[in-house]
Amino acid sequence: MTGQLLRHHEPVMGTVVSFELHLDGESELTRLAARGAIAAGAAELHRLEAIFTTFVDSSPMSRYRRGELALDDCPEELPVVLEWCRRAEVATGGWFDPWALPGGIDPTGLVKGWAIEQALGVMVARGVDTALVNGGGDVATVGSPADSGRWRVGIQHPWRRGRLAAVADLPAGSAIATSGRYERGDHLVNPFANDASEEPVAVASATVVARSLTVADALATALAVGGTAAVAASAWPACEWYLIGEDGSEVASDRFPFAAPTAERAAS
Amino acid sequence: MTRRTRAPLVGGAAVTGLVGVLAAHALGGSSATVGLAPATSGAAPASGASPTSSGATTSTSSPAASSTTSPPATTGTGSSTTTTTPAASGARSATGALEQYGYGEIEVRVTTEGGKITDVTVVELRTAESFSANLAAEALPTLRNEVLADQSAHISTVSGATYTSDAYASSVQAALDSLGIA
């Protein structure tokens with residue numbers, strides 16, 4: 001029983017989204033149908049991008065932000081995402097703040113994760129049961145590889161280009177998101193920056209593993225800004241987290257699924 | 001919470017596989033085969049090398065043993081010659097002809113001065129997906145070798161802060177996507 005692996009990458013949402021789809025001998029999904037599922041997932045990403053992009057003045061999100069479009073006249077996905085933003089703001093104690101930047105509500109900190117989850121849902125509806133979608137570093141999965149039962153996901157090193165900081169072993173259906181200052185532009189705004197009682201935090205990278213990529217994306221955004229203070233404020237259960245400080249220090253939740261070292265590395 | 005104190009973070013070895021391969025060919029040669037260690041050469045570290053020595057393993061992946069570093073079996077023979085162009089400063093540049101290396105084509109220019117390689121530039125990279133990228137010469141083999149040689153060799157993907165489409169081109173993720181293997 002030989003497994004097949006289909007890979008595809010799609011430039012969209014200002015980044016490149018990678019698809020990895022597993023077909024094993026027992027899968028009823030044909031290779032052709034699998035390709036169709038990937039195409040449908042990619043098309044869904046483009047469709048959602050057209051709705052939510054704030055880089056295009058005429059997108060529904062842009063028009064809504066300017067007060068030109070009533071919520072009732074927006075595509076139905078828009079209020080769904082806004083509700084996610086409100087929920088995330090509450091669940092992170094305000095460390096995820098979609099109102100932190102001027103211009104109206106900005107879902108950037110979670111809409112990519114949400115869109116990837118939606119795209120994966122489109123693929124699942126077409127019969128996909130083992131796949132991974134990585135949208136510029138935000139990863140959603142369904143099922144898991146037949147041999148190991150876990151997805152091995154590298155975590156990008158925040159300042160060593162091309163290097164990994166760690167490897168995570170994700171169980172089936174998990175999601176992982178990483179947020180950090182090293183992403184393009186320094187758009188991470190600390191909503192508590194003016195509060196003298198808050199110590200400045202120096203988080204280089206924050207990674208979250210959760211069941212939902214929307215949650216992981218929002219929480220990673222919050223932790224990248226607020227560090228351990230944001231961890232303490234988070235009300236989302238069953239999320240594992242891993243922070244890398246700008247001084248190279250690391251701290252993680254007890255059950256963050258770091259991959260066990262292999263035999264070669266055990267001695268190092 | 002768990003506070004980990006290990007240092008350094010994964011991937012401390014400097015890997016210069018490409019330069020190592022080219023060094024054997026470009027120095028003093030008017031013609032040389034410019035090739036890249038195939039992806040399967042990453043299997044070598046599995047023989048027990050720790051990550052810090054995997055860099056050395058990669059750079060000694062038999063460039064001296066053969067004049068041709070053969071690309072993966074599925075590709076063409078990748079014949080190539082280099083032309084050397086003396087530069088005014090006394091440096092010599094050799095441009096390897098386009099070389100098949102499994103899933104794309106790469107052309108590199110090696111500049112030597114006084115017998116030492118002073119510059120390696122990727123002149124052209126064409127992948128099967130036809131996205132053109134301007135990669136730092138060290139990035140491509142370093143990325144591939146890092147990914148393949150480290151214990152994380154079998155990762156499916158990389159979670160990181162969002163990269164632009166341009167940054168993707170030189171990312172570990174792109175290297176993984178190009179490999180097309182599980």
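None of these values were measured; they are calculated from a predicted model. Just so we're on the same page: letters track the sequence lines, and every chain starts at 1.
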| field | A177(A) versus chain B, the contacting section by heavy-atom distance below 4.5 Å | value | backbone
| What is the minimum heavy-atom distance between A218(A) and F96(A), and which atoms define it? | O-CD1, 3.6 Å
| query | Using the ring of each side chain (for Trp, its six-membered ring), is H8(A) parallel, tilted or perpendicular to F19(A), with breaks at 30° and 60°? | reply | tilted
| Heavy atoms, side chains only, cut-off 4.5 Å: are W241(A) and T207(A) in contact? | no
| note | The interface call for V139(A) against chain B, heavy-atom contacts under 4.5 Å, is side chain
| task | Heavy-atom distances under 4.5 Å only: say whether L132(A) touches chain B with side chain, backbone, both or neither. | result | side chain
| request: Might you point out which heavy atoms bring W95(A) and A233(A) nearest each other, and give the distance in Å? | output: CD1-CB, 3.9 Å
